[in-house]
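Encoded as structure tokens, the structure appears first; notes follow it.
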Amino acid sequence: MSDTTAQKDPFYITTAISYVNGSPHLGHAYEVILTDVMARYKRLDGHETYFLTGTDEHGEKVATTAEKNGMQPKDFCDKTAQEFVDMADTLNISNDDFIRTTETRHHTASQAIWKKIEENGDIYLGAYEGWYSVRDEAYFGEDELTTDENTGQKFAPGGAEVVWREEPSYFFKLSAYTDKLLALYEEHPEFIQPESRRNEIISFVKQGLRDLSISRTSFDWGIPVPGNDEHVMYVWLDALTNYITAIGYPDEDSDMFNTFWPADYHVIGKDIIRFHAIYWPAFLMAANLALPKTIFAHGFINVEGQKMSKSVGNVLSPAALMELFGLDGVRYILMREVPHGQDGNFSQEHAVQRVNSDLANGIGNLAQRTLSMIYKNCDETIPAPGTLTSDDEALLRKAREEMLPHLRKAFDNFQFNRGLEVIQSVVSEADAYIDAQAPWKLKKEDPERMKTVLSVLAEVIRCVAIAYQPVIPDSAAKVLDQLKIPADQRDYAHIHDDYALGSVAIDKPEGVFPRIVLEEEAA
Ligand code: MSP
């Protein structure tokens with residue numbers, strides 16, 4: 001029997017929360033889709049899943065941008081945060097919550113973690129003197145910077161300008177956590193993924209950590225430090241806390257907190273790994289809280305081989321791409337084209353070929369061909385299978401037994417491109433089978449055999465469409481609707497012969513993936 005009733009561990013996954021100083025772009029879309037695919041997969045695979053995304057609204061960068069736009073910070077945040085909420089809706093993201101750091105619940109949680117760390121003796125008052133990058137909202141040591149010889153301007157490692165800052169500040173005793181963090185990376189090699197990022201962090205921490213400035217006095221757009229209103233909390237301490245705010249912190253006894261903390265994955269981009277793999281576990285240790293299981297750092301999306309940048313003018317909006325590729329087309333390309341943890345390139349020409357070959361000519365064509373033949377030649381009803389040949393059995397075995405273990409192995413490790421190849425290979429085998437069996441010829445020669453062949457194909461399409469759901473939820477649902485699969489029989493446990501298609505009447509089939517034609521091609 002299948003394992004629909006088996007109890008599986010709850011699963012908590014988060015994205016980074018996006019700064020609201022600009023509009024969402026393809027990089028943000030990539031991260032939230034990547035996380036959504038994992039969340040959908042875990043739900044379909046029987047886990048109680050909680051998926052959080054949101055916006056990071058405090059700090060100097062947002063305050064300055066609001067001012068430049070002639071707006072009060074909160075009004076400015078309301079406006080841009082809405083664009084991120086809308087992006088999640090448009091991309092069919094299945095998040096359970098959307099957190100904004102300007103919400104009261106988040107102020108409460110951030111002040112509570114501050115007090116906890118303070119009680120533990122890890123916060124002291126001092127003065128900060130050093131370099132700060134507003135774009136990164138990060139402090140840098142002199143040794144990490146590069147200098148433009150002509151202007152004397154200094155830059156952070158990621159290329160952002162730094163400015164000299166001197167102000168009173170509370171500090172977190174990060175230096176006391178160097179050994180504890182190194183022990184964590186050693187005992188839990190899975191804590192930082194992929195491996196290359198883990199090595200990068202270990203060598204950084206091995207050099208020794210300086211105490212961290214965790215409050216600012218030169219502006220007030222932030223969460224007040226408990227007991228000293230002159231200071232607002234450093235935006236990263238505030239932002240990282242979002243991951244526990246959403247599940248009820250400071251109420252550590254709540255059901256939500258007990259069920260979902262520690263998080264399984266914080267999914268983030270490679271540029272913010274230090275904050276997540278060094279500061280966050282240190283803050284949590286100082287607040288006597290359990291540590292997340294894995295920080296997964298994905299790569300960056302480049303466009304036509306170049307880094308996206310306003311000055312190059314190649315910043316792609318998710319909405320523009322959706323016009324050409326449709327929602328599932330965009331989701332598919334991003335998951336298929338970006339290898340695990342590495343940078344990926346978006347090229348329009350390649351993306352069109354990919355969607356056409358994998359989706360339009362793949363599952364789209366297979367479903368349309370098969371269902372049309374069934375509709376025309378089998379009384380508009382998926383036939384029950386007759387006697388199966390070894391070829392029929394081999395294809396069914398591939399779809400119902402062999403696909404899922406391979407898929408899980410890939411999906412569990414964020415190797416969605418590999419997982420998609422696994423599904424694609426079943427579609428290719430079904431294509432080879434349809435050509436070899438030639439059901440259109442059997443129509444006259446052996447109608448009973450034709451029915452069996454079509455029933456085998458419909459069953460394979462059922463399994464493939466169930467498997468595709470995390471990545472292309474809308475289109476997979478359309479295929480499953482055409483096969484009349486009830487909503488409660490679409491999770492991964494149903495990729496099993498216990499749930500094989502029976503004889504069922506269908507409607508006139510409609511194509512699910514039209515071929516994409518570029519305008520210049522069409523002209
Ligand atoms: N606010 C911080 C994160 C705080 S998390 C407690 C931040 N915001 S951001 O808006 O700059 O970035 C949000 C996420 O988008 C980050 O994980 C970042 O790495 C990711 N990306 C930004 N540009 C990207 C690409 N071009 N490609 C892929 N992801 C990129 O950092």
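In each ligand, atom 1 is the first atom listed, and ligand 1 is the first ligand listed. Source: prediction; values computed, not measured. All values below were derived from every heavy atom in this structure, side-chain atoms included, with hydrogens, water molecules and symmetry-related copies excluded. We count residues from 1, following the sequence as given.
A salt bridge links Asp36 with Arg331: at least one charged nitrogen is closer than 4.0 Å to a carboxylate oxygen. At a threshold of 4.0 Å, the pair Asp412-Lys42 counts as salt-bridged, since one of the basic side-chain nitrogens sits closer than that to a carboxylate oxygen. Checked for salt-bridge contact, Asp96 and Arg43 meet the test: a charged N lies under 4.0 Å from a carboxylate O.
For atom 29 (N) of ligand 1, the closest non-hydrogen atom of the protein is His298 CE1, 3.2 Å. Nearest to atom 31 (O) of ligand 1 among the protein's heavy atoms is Ile272 CG2, 3.6 Å. In terms of protein heavy-atom proximity, atom 23 (N) of ligand 1 is nearest to His25 CE1, 3.3 Å. Annotation: atom 16 (C) of ligand 1 to nearest protein heavy atom, Glu31 OE1, 3.4 Å.
Heavy atoms of Lys307 found under 4.0 angstrom from ligand 1: none, in either backbone or side chain. The side chain of His276, and not its backbone, has at least one atom closer than 4.0 Å to an atom of ligand 1 (non-hydrogen atoms only; side chain from C-beta on).
Each of Trp236, Phe283, Tyr234 was compared with Phe172 under the ring pair (Phe, Tyr, Trp, His ring centres under 6.0 Å) criterion, and only Phe283 meets it. Tested against His106 for a side chain to side chain donor-acceptor pair (under 3.5 Å), the candidates Asn242, Thr241, Asp238 yield a single pass: Asp238. Each of Glu57, His58, His107 was compared with Thr102 under the side chain to side chain donor-acceptor pair (under 3.5 Å) criterion, and only Glu57 meets it. Under the side chain to side chain donor-acceptor pair (under 3.5 Å) test applied with Asp343, the options Lys307, Lys270, His298 reduce to a single match, Lys270. Of the candidates Val20, Asp56, Asp78, Ile17, Arg100 forms a side-chain contact (heavy atoms from CB on, under 4.5 Å) with just one, namely Asp78.
At under 3.5 Å, not a single nitrogen or oxygen of Tyr30, backbone or side chain, sits near a nitrogen or oxygen of ligand 1. Some N or O of Tyr19 is nearer than 3.5 Å to an N or O of ligand 1, by distance alone. Some N or O of Gly269 is nearer than 3.5 Å to an N or O of ligand 1, by distance alone. At least one N or O atom of Asp271 sits closer than 3.5 Å to an N or O atom of ligand 1. Any N or O atom pair closer than 3.5 Å counts here, and Ile17 shares at least one such pair with ligand 1.
Residue Ser18 approaches ligand 1 through these ligand atoms, each under 4.0 Å from one of its heavy atoms: 8 (N), 10 (O), 13 (C). Counting atoms of ligand 1 from 1 in the listed order, those under 4.0 Å from a heavy atom of Met308 are 26 (N). Close contacts between ligand 1 and Asp56 involve ligand atoms 1 (N), 2 (C), 4 (C) [criterion: under 4.0 Å to a heavy atom]. Close approach of ligand 1 to Ile268 (heavy-atom distance below 4.0 Å) involves ligand atoms 17 (O). In summary, the atoms of ligand 1 found under 4.0 Å from a heavy atom of Ala239, numbered by their order in the structure, are 6 (C).
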Can Ser213 and Arg165 be said to form a side chain to side chain donor-acceptor pair (under 3.5 Å), step by step? CA-CA 11 Å; Ser213 164; Arg165 285 285 146 85; over 6 Å; no

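At least one heavy atom of Trp236 sits closer than 4.0 Å to an atom of ligand 1. Look at His266 and you'll find every heavy atom at least 4.0 Å from all atoms of ligand 1. The shortest separation from a heavy atom of Gly299 to ligand 1 is under 4.0 Å, placing the residue in contact.
Residues Thr217 and His231 bring no donor and acceptor atom of their side chains to less than 3.5 Å of each other.
Between Phe275, Tyr279, Tyr243, it is Tyr243 that holds the heavy atom closest to atom 5 (S) of ligand 1. Among Val315, Ile301, Thr55, the residue whose heavy atom lies nearest to atom 27 (N) of ligand 1 is Ile301.
Tyr332 and Tyr468 have perpendicular rings, their planes meeting at more than 60° on a 0 to 90° scale where under 30° would count as parallel.
When all heavy atoms of Lys61 and Glu137 are compared, the pair lying nearest together is N-OE2, 2.8 Å.
Remark: Arg216 is positioned above the aromatic ring of Tyr132, its terminal NZ or CZ atom under 6.0 angstrom from the ring centre and at most 45 degrees off the axis.
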